[in-house]
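Take a look at the structure below.
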Amino acid sequence: MQINCSSILNAHLVIFMANSFQLRDYQRDAVAATLNHFRNSDEPAVIVLPTGAGKSLVIAELARLARRKILVLAHVKELVEQNHNKYLNYGLEGGIYSAGLKQKQSHYQVTFASVQSVARNLRDFATEHSLVIIDECHRISDDENSQYQQIFAQLREYNPRLKLLGLTATPYRMGMGWIYRYHYRGFCRSSESRPFEHCIYELPLQYMIKRGFLTPPKMVDAPITQYDFSALNANRFGHYAEAEVNQLLVRHPRVTRAICEQIVELAAERCGVMVFAATVRHAHEICSYLPEKETALITGDTAHTERDQLISRFKTRQIKYLVNVAVLTTGFDAPHVDFIALLRPTQSVSLFQQIVGRGLRLAEGKQDCLVMDYAGNGFDLYSPEVGQPKPDSSSVPVQVFCPVCEFANIFWGKTDEEGNILEHFGRRCQGTIEGVDSTPSQDKKSQCDYRFRFKECPQCNAENDIAARHCHQCGHAIIDPDDQLKAALKLKDAMVIRCAGISLSESNSRLRVIYHDEQGEELSELFDMHNSKQRKRFNDLFGRRFGQSLQPRQFNSVEEVLAVSHLFTAPDFVVARKAGKFWRVQERIFDYQGNYRKANQL
């Protein structure tokens, strides 16, 4: 009998490849969470794994377990190829559909594809798929006309129960916030619809670093110098206008030179340096100060062939410095990178994390990754996001317990030197409660309805979000605070003060509330705490907001109020109308967000 040595070798190779990748415990947990979720629900889900955690292995394992047709999407060809290669390492076959990789195969059970190529050729995907896996899924918007949504709509025509699974290291995007609603640990990220309904598994960055799965970042807070981009205004996606950035940088050529000199000095003991420039013009200037023979530049205009060659030379360490402009933030894998230099500003915490993540992969001999932020972005890499834009540079994440469901919320806030919360900017409790009609197979959740900041409906007294225009309960129109202030300022018999604080005192057995303007003006009103209606009104206004709404209370007497007078929250504006010789308070505007300046704000 003739033995085909080549066939035997190939068979052994397949067996070896299929067993050469052992999933880590957290990767197995992520796979198990996915299987459990989709056995009980068709709602879109997301898995959060830090950069370098091996998302491609999780994708490969899920694809291996699939029995029906699935589609794996990525936004760049590098990720398509990387995910496909990991799948091949299982000894399995899968297709590639990507113009950038010059392949268009859609007949396999598992297809790895670029979003752009699929969206342009939807006719090739006019068949039933059971699952779509989206790598770097934070890029999905809620725009129905986006390429992602076009693909999902097409596939749902052939399978209304199509399942969507997203994977990302950064589950939020500028202009939207969190990309999912409910977290498996029991809190709600958004009361509005999101591309994904559930986060079913999440692994913190610190876990990966402490267990040696990622390289520790060495964050340096005091570079020799840095740019001041604070005067520039970012768009809703956290990006800055190129012309404005260039104009600012032109005025500070010495800063760029000094930064580059420090980068070269610090890179002496480093293997691979990635420099993130603000604009193309800025990138060319940076390159002029770095060692010419050791430096390469990649921008959005770099030809694909040249780009691939430069990346190859960088990965093989023929060049040391790789300067780029917004093109190597995702889908780029060079484990030897041990120095990240940020010379570009961003208000996007997602982008910041992605950039730093380029240097956290493990490599032989690599001890840490130096991270120098020359743009003063100032994000906390380990807990960078709380669901809302950072109000100002002095704000920090604070833990705030809900007085109703006792959920530990994380909001932006301000603390004293001992860490005590001075104020927080949370609106609504993020805790979730189980639906009354929930069953194990239909795990319906809803968000706790307690609001720390709210506008009261004048019709039914329901509490609404401070940005609401109509009552969520009765649909009644809620007057915009700016319209209230604008109308009052036009009246000759009206007085509007920017309230800088309140003081409380007793006056003839009644409670006097004095509202203090920043310039010394005052308005006051009396509450008879013996009168049930006036007592209720005081409690609705002030008792409900007692202690920044952390400790809502019902007060029954003047004495009770005065005993804790320093813990009451003041309104931002007070509107009064003339009544004879006196001013009568008509409106108290709390939790104001609008165009008018509040007290003590420049």
Side-chain angles (χ1 to χ4, degrees), residues 10-50 52-74 79-98 105-115 118 125 127-137 140 151-152 155-156 158-169 171 180 184 196-203 213 440-441 443:
N10 288 337
H12 281 292
L13 182 61
V14 167
I15 293 171
F16 170 77
M17 296 291 276
N19 295 311
S20 61
F21 285 99
Q22 295 294 324
L23 294 184
R24 294 170 178 169
D25 55 354
Y26 66 83
Q27 293 168 336
R28 290 194 297 270
D29 291 342
V31 171
T34 303
L35 299 177
N36 181 63
H37 173 74
F38 286 128
R39 284 192 189 107
N40 299 313
S41 174
D42 294 332
E43 293 181 329
V46 63
I47 289 174
V48 180
L49 293 174
K55 291 193 295 295
S56 57
L57 285 175
V58 174
I59 292 171
E61 176 66 4
L62 289 169
R64 185 184 72 85
L65 295 172
R67 294 294 175 263
R68 297 164 64 192
K69 206 164 189 182
I70 73 169
L71 177 64
V72 181
L73 293 174
L79 279 177
V80 174
E81 190 170 36
Q82 176 180 304
N83 292 332
H84 180 254
N85 287 338
K86 286 293 190 297
Y87 186 64
L88 294 184
N89 287 336
Y90 274 94
L92 302 171
E93 286 188 313
I96 286 181
Y97 199 98
S98 168
Q105 306 161 333
S106 60
H107 59 280
Y108 287 91
Q109 179 195 346
V110 180
T111 302
F112 297 83
S114 68
V115 177
V118 175
F125 294 85
T127 184
E128 181 177 341
H129 287 71
S130 62
L131 171 68
V132 178
I133 300 176
I134 309 102
D135 200 358
E136 304 294 353
C137 65
I140 298 177
I151 295 170
F152 302 155
L155 297 182
R156 283 194 179 104
Y158 296 90
N159 181 11
R161 298 191 61 186
L162 177 74
K163 294 173 172 58
L164 301 180
L165 176 70
L167 290 95
T168 182
Y180 63 86
Y184 67 100
F196 297 91
E197 192 72 6
H198 302 277
C199 173
I200 57 176
Y201 187 81
E202 180 172 18
L203 194 68
F213 294 134
S441 62
D443 184 18

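For the numbers below, each heavy atom of this structure counts, side chains included, while hydrogens, waters and symmetry mates do not.
Donor-acceptor pairing under 3.5 Å is recorded for the side chains of Tyr90 and Glu61.
The local environment of CD in Glu93 is sparse, with at most 12 non-hydrogen atoms from other residues, nucleotides or ligands closer than 6.0 Å.
Once rounded to the nearest 0.5 Å, the distance linking CD of Glu128 with CZ of Arg161 reads 11.0 Å. The CG atom of Leu57 sits 11.0 Å away from atom CG of Leu62, with the distance rounded to the nearest 0.5 Å. Expressed to the nearest 0.5 Å, how far CG of Leu73 lies from CG of Leu165 amounts to 11.5 Å. For the atom pair CG (Leu79) and OG (Ser114), the distance works out to 11.0 Å, reported to the nearest 0.5 Å. With values rounded to the nearest 0.5 angstrom, Tyr26 atom OH is found 6.5 Å from Leu203 atom CG. One finds the CG atom of Leu155 at 5.5 Å from the CG atom of Leu162 (value rounded to the nearest 0.5 Å).
The shortest distance between side-chain heavy atoms of Phe152 and Val132 falls below 4.5 Å. Two residues are said to be in side-chain contact when any heavy atoms from C-beta on lie closer than 4.5 Å; Asp135 and Val72 fail this criterion. Within the 4.5 Å cutoff, side-chain heavy atoms of Leu71 are placed close to those of Ile151. You'll find the side chain of Leu65 reaches within 4.5 Å of the side chain of Val31, heavy atoms only. Annotation: side chain of Ile140 is in contact with side chain of Phe196 (closest heavy-atom distance under 4.5 Å).
Formation of a donor-acceptor pair under 3.5 Å by the Gln109 side chain with backbone atoms of Ala66 is found in this model. Under a 3.5 Å cut-off, the side chain of Asn159 and the backbone N or O of His129 do form a donor-acceptor pair. Distance alone, capped at 3.5 Å, places no donor-acceptor pair between the Arg24 side chain and the Gln22 backbone. In this structure, the side chain of His107 does not engage the main chain of Gln105 through any donor-acceptor pair within 3.5 Å. Of the possible polar contacts, one joining the Ser130 side chain to the Lys69 backbone as a donor-acceptor pair under 3.5 Å is found. No donor-acceptor pair under 3.5 Å is formed between the side chain of Tyr180 and the backbone N or O of Pro44.
Nearest heavy atom pair, residue Ser41 against residue Glu43, reads OG-N, 3.0 Å. Nearest heavy atoms, Gly94 versus Leu88: N-CD2, 4.2 Å. Residue Tyr87 comes nearest to Ala63 through the heavy atom pair CE1-CB, 3.6 Å, listed as atom of the first residue, atom of the second, then distance.
Ring orientation note: the planes of Phe112 and His84 are nearly perpendicular, at an angle over 60° on the 30°/60° scale.
Partner of Tyr201 under the side-chain contact (heavy atoms from CB on, under 4.5 Å) criterion, chosen from Val48, Thr34, Ile47: Ile47.
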side-chain contact (heavy atoms from CB on, under 4.5 Å) evaluation trace for Leu92 with Val110
CA-CA 10 Å; Leu92 302 171; Val110 180; over 6 Å; no
Would His37 and Lys163 count as a side-chain contact (heavy atoms from CB on, under 4.5 Å) if you check the C-alpha gap in whole Å, the side-chain angles of each, and the deciding distance to 0.1 Å?
CA-CA 10 Å; His37 173 74; Lys163 294 173 172 58; over 6 Å; no
